[in-house]
Amino acid sequence: MLFFQKKYRTVFFDLDHTLWDFDTNAYECIQELFEEFGLQRFTHFEQFFITYEKHNKRLWAEYEVGSLRKDVLRSLRFYLTMKDFGLNDHDLAERFGWAYTTRCPLKTNLFPHAKEVLEYLRPKYRMAIISNGFPEVQDIKLKSCGIVGYFDKVFTSEMVGYQKPRPEIFHAATTAFNAKKKHCLMVGDSWEHDILGAQNYGIDQVFFNPKQQEQRGCKATYDISSLKELTGIL
């Protein structure tokens, strides 16, 4: 392999919602815990999950701007959800949150073609994960679903000290590989965090867009609906 013949030499991947099917894994895990904790006495699971997603989205936004600690986030999202159904129990929410945090990363659902594409890319490129997720959780996810060996490095916002879309996290990744921006490519599902973050830093981007969302304002370098399309780019 001759690197100078290739436009890209280093490929960065987001993990959640890009390789690891976060929505499917979270849904499965919370449904299991909902039944184990006997919460069906208070509401139907679908309503519980919809309410949880509402609280989780808002609290994650607070965490990402630094106004909420991760240890508070982990239980508060479940406490607020349970409280909406008349269950005011901090201890139960704490235990539910701990069980979710420890069990969900063990789920192994990946997006279609994820392993196939990583297998194709591994001999040809240096690869790394750039994630805003908790480092201790992301490591477990990578190992549990059998893809940790495809990546040379894992960069998390907590480790670097900055979250996507801040340029510092992309700079940390490129610097670790001694890579030039023009030779790097970011693959991710988040328009704000992955695409605009990489674009503003000055590296090309692949918008993983299985739901075919409309791009807002500027255009991503590439737009794909299936990971398999990466083999036509790289």
Side-chain angles (χ1 to χ4, degrees), residues 11-36 45-46 48-57 59-61 63-64 73-74 77-78 81 96-97 99-122 127-151 154-157 163-164 185-195 197-198 205-213 220 222-231 233-234:
V11 183
F12 302 125
F13 280 91
D14 175 50
L15 181 58
D16 295 339
H17 305 286
T18 300
L19 296 171
W20 197 73
D21 190 345
F22 184 95
D23 291 341
T24 299
N25 291 318
Y27 184 92
E28 285 183 3
C29 185
I30 293 174
Q31 187 173 38
E32 291 170 6
L33 294 172
F34 177 85
E35 294 171 359
E36 290 176 20
F45 172 70
E46 291 298 334
F48 180 88
F49 189 75
I50 290 170
T51 304
Y52 160 78
E53 284 195 309
K54 177 189 68 175
H55 289 301
N56 187 52
K57 182 178 181 180
L59 293 173
W60 257 101
Y63 168 74
E64 288 181 335
L73 165 66
R74 284 172 166 172
R77 52 191 173 181
F78 293 110
T81 301
F96 195 106
Y100 171 75
T101 303
T102 55
R103 186 181 301 183
C104 193
L106 299 174
K107 293 289 185 180
T108 59
N109 293 293
L110 297 170
F111 278 94
H113 309 296
K115 279 192 176 181
E116 170 191 343
V117 169
L118 292 174
E119 191 71 29
Y120 165 82
L121 296 176
R122 181 61 183 143
M127 297 197 293
I129 294 289
I130 303 181
S131 171
N132 281 354
F134 305 142
E136 67 275 17
V137 171
Q138 303 304 70
D139 287 344
I140 295 171
K141 290 174 182 175
L142 289 165
K143 292 174 183 175
S144 296
C145 61
I147 61 173
V148 66
Y150 293 108
F151 300 100
V154 176
F155 301 92
T156 64
S157 55
Q163 298 210 4
K164 294 179 294 183
L185 185 67
M186 177 70 205
V187 183
D189 73 289
S190 170
W191 182 257
E192 178 184 359
H193 294 154
D194 301 316
I195 305 310
Q205 332 84 44
V206 177
F207 183 30
F208 178 53
N209 187 14
K211 297 181 181 178
Q212 289 297 282
Q213 304 171 60
Y222 308 98
D223 185 316
I224 63 173
S225 59
S226 167
L227 291 174
K228 197 167 187 178
E229 294 176 66
L230 285 173
T231 61
I233 298 170
L234 295 166

Donor-acceptor pair, [X] side chain versus [Y] backbone, under 3.5 Å?
| X | Y | value |
| --- | --- | --- |
| Asp194 | Asp189 | yes |
| Ser157 | Asn132 | yes |
| Gln213 | Asn209 | no |
| Lys54 | Thr81 | no |
| Trp20 | Lys107 | yes |
| Thr102 | Ala99 | yes |

Check: Can a cation-pi geometry be assigned to Arg77 and Tyr100, taking NZ or CZ under 6.0 Å from the six-membered ring centre and within 45° of the ring axis?
Finding: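 No; the conditions do not both hold, so Arg77 does not lie above the ring face of Tyr100.
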
Of all the heavy-atom pairs spanning [X] and [Y], show the shortest one and how long it is.
| X | Y | answer |
| --- | --- | --- |
| Phe207 | Ala220 | CB-CB, 3.9 Å |
| Ile140 | Pro105 | CG2-CB, 3.7 Å |
| Phe111 | Asp21 | CE1-CA, 3.7 Å |
| His193 | Ser190 | N-OG, 3.0 Å |
| Gly97 | Phe78 | CA-CD1, 3.6 Å |
| Met186 | Ala198 | CB-CB, 3.7 Å |

Note to self: Which label fits Tyr27 and Phe45: parallel for a plane angle under 30°, tilted from 30 to 60°, or perpendicular past 60°?
What the structure shows: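 Perpendicular, since the angle between the ring planes exceeds 60°.
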
If I take atom [atom1] from residue [X] and atom [atom2] from residue [Y], how far apart are they, to the nearest 0.5 angstrom?
| X | Y | atom1 | atom2 | answer |
| --- | --- | --- | --- | --- |
| Asp139 | Ser144 | CG | OG | 10.5 Å |
| Phe151 | Leu142 | CZ | CG | 6.5 Å |
| Met127 | Leu185 | CE | CG | 12.0 Å |
| Leu110 | Thr18 | CG | OG1 | 11.5 Å |

Note to self: Checking side-chain polar atoms at under 3.5 Å, does Gln138 have a donor or acceptor matched by the opposite partner on Ser131?
What the structure shows: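 A donor-acceptor contact under 3.5 Å links the two side chains.
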
Do [X] and [Y] have side-chain heavy atoms sitting under 4.5 Å apart?
| X | Y | answer |
| --- | --- | --- |
| Phe22 | Lys141 | yes |
| Lys164 | Asp14 | yes |
| Ser226 | His113 | yes |
| Phe134 | Arg74 | yes |
| Tyr120 | Leu230 | no |
| His55 | Thr51 | yes |
| Trp60 | Asn56 | yes |
| Ile224 | Phe208 | yes |

Checklist line | Test side-chain contact (heavy atoms from CB on, under 4.5 Å) applied to Ile129 and Leu19, Thr156, Ile147, the passing residue | finding: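 Exactly one option meets the side-chain contact (heavy atoms from CB on, under 4.5 Å) with Ile129, and it is Leu19.
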
Margin query: If we check side-chain contact (heavy atoms from CB on, under 4.5 Å) with Phe13, which of these qualifies: Val206, Ile130, Leu121?
Written below: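 Result: among Val206, Ile130, Leu121, Leu121 is the only option passing the side-chain contact (heavy atoms from CB on, under 4.5 Å) with Phe13.
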
